[in-house]
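Scope of the values below: all heavy atoms of this structure, side chains included, with no hydrogens, waters or symmetry mates.
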Protein chains: 2
Amino acid sequence: MGNVGEKKNKIRKVEGQPSKNLMAERRRRKRLNDRLSMLRSIVPKISKMDRTSILGDAIDYMKELLEKIHTLREDDNVKDEIKDIKFVGNFKELKPNEALVKKPPKFEVERRNEDTRIEICCSAKPGLLLSTVSTLEALGLDVQQCVISCFSDFSLQASCSEAREHRTILSGEDVKQTLFKTAGFGGRCL
Amino acid sequence: MGNVGEKKNKIRKVEGQPSKNLMAERRRRKRLNDRLSMLRSIVPKISKMDRTSILGDAIDYMKELLEKIHTLREDDNVKDEIKDIKFVGNFKELKPNEALVKKPPKFEVERRNEDTRIEICCSAKPGLLLSTVSTLEALGLDVQQCVISCFSDFSLQASCSEAREHRTILSGEDVKQTLFKTAGFGGRCL
DNA sequence: CAAAACACGTGACAC
DNA sequence: TGTGTCACGTGTTTT
């Protein structure tokens, strides 16, 4: 519209606005980051801490869940699976590029003072949960919070506290290697 | 740290850098926005077009999917158990007011053929998690999903699947009692 | 004009 | 050494 000679009609409130807009923007950023870490906390598979990766992993996880639901629905209806068995495998697989790609096992241990964060994501094996928990116990780590998911891979995220005077004895790297070996992997973790 | 002479060691490349960093930042922003609209596209329920709302809706949707999976598992099993239903639910209620008791340990096991839901909430004890997981393993229950919280009390919610041919061997009540004893409680669980 | 959401360029930091 | 990511404050647009 016809602004009167003042091209500063957008800049004229430079003194009054900023503090308000600034705080609003800060709150907005905080909300968004909170939601982001919230999303990260419920997605078992986290390849990286990138915002982009978090979203990507969340998307993958959702697809995975949808796939799971479909298979569950199918299994539900396939009471007559017997006859299908002989036909199976002919042209059923042949997924181009999906979850087939084997991801390298992920073992991460982050130690901060008395708090230890553990993140494991690897192929599922029988007894893996038990041996992992047992190892944690043996290392003097009390599980404070833990989320486990075994839909496709074995995924464990835990935050532990030091049980006794173990804090100076072992490093995060020690914990990591011990868990790695416990999980049945031979060599050294990357 | 206290660099003395050259405080410009960070500003010296003001002329050379910006265009590159600028482009990188643009690409990053684009990638993030792409992922965001991707997420928005696969989430059916979209309350608003806000970035924050999109993430929130995505989170809700994921929880919804997880819940769906549980109910699907149950429904699948319910089909085979319709005939058994007539025997249950006779004396199930009778919980008028129990808030007076400080900490009634809670042990609940709900078994439907291949799916078993376990819920434990009791006072924390050292080694309780390990013994519980160990017991589950011994009972032939594979933990599919699990959330553990040990802040004040010990709280465990898990959904398991039958590992092998244990399904007919033990009942939900058996599992419950076994877990109860494992947790260090003497008598019989109510 | 206001309140909220977004896009932008920049400095800082990590690998 | 640089390349990528994040937080920040600000300008611009939308409600």
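A donor-acceptor pair shorter than 3.5 Å can be found between the side chains of B:Gln144 and B:Ser161.
For B:Asn21 and C:dT10, the shortest distance from a side-chain N or O to OP1 or OP2 is not below 4.0 Å. The phosphate of C:dA3 (OP1 or OP2) has a side-chain N or O of A:Lys20 nearer than 4.0 angstrom. Residue A:Arg28 has no polar side-chain atom (N or O) positioned under 4.0 Å from OP1 or OP2 of D:dG9. Applying the 4.0 Å criterion to OP1 and OP2 of D:dC6, one finds that A:Asn33 has every side-chain N and O outside that range. Considering only side-chain N and O atoms, B:Arg27 lies under 4.0 angstrom from the phosphate OP1 or OP2 of D:dG4.
Contact annotation: side chain of A:Glu25 to base of C:dC6, donor-acceptor pair present below 3.5 Å. Counting atom types as modelled, B:Arg31 pairs no side-chain N or O with a base atom of D:dG4 as donor and acceptor under 3.5 Å.
Of the two residues near DNA chain C, A:Leu32 and B:Arg26, the one whose nearest nucleotide lies more 5' is A:Leu32.
The distance from atom CG of B:Leu22 to atom P of C:dG11 is 11 Å, rounded to the nearest whole Å. One can place CZ of B:Arg51 at 12 Å from P of D:dC6, the figure rounded to the nearest angstrom. Rounded to whole Å, the distance from CG on B:Asp34 to C1' on C:dA7 is 14 Å. Distance, B:Asp50 CG to D:dT14 P: 15 Å, rounded to whole Å. What separates CE of A:Met23 from P of C:dA4 is a distance of 12 Å, to the nearest Å.
A 4.5 Å side-chain heavy-atom check between A:Leu130 and B:Ser134 finds at least one atom pair inside the cut-off.
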Next on the checklist: Show, in sequence, the C-alpha distance, side-chain angles and deciding distance for B:Lys176 and B:Glu108, and conclude whether the salt bridge (Lys or Arg N to Asp or Glu O under 4.0 Å) test is met.
Outcome noted: CA-CA 7 Å; B:Lys176 183 173 167 185; B:Glu108 298 227 349; over 6 Å; no
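Residues B:Leu156 and B:Cys146 come closest through the heavy atom pair CG-SG, 4.1 Å. Closest approach of A:Met49 and A:Ile54 over heavy atoms only: O-CD1, 3.7 Å.
Among the heavy atoms of the strands lying under 4.0 Å from A:Arg29 is at least one base atom, whether or not backbone atoms are also near.
For B:Ala24, whose side chain is taken as the heavy atoms from C-beta onward, the closest listed nucleotide among D:dG4, C:dA5, C:dA7 is D:dG4.
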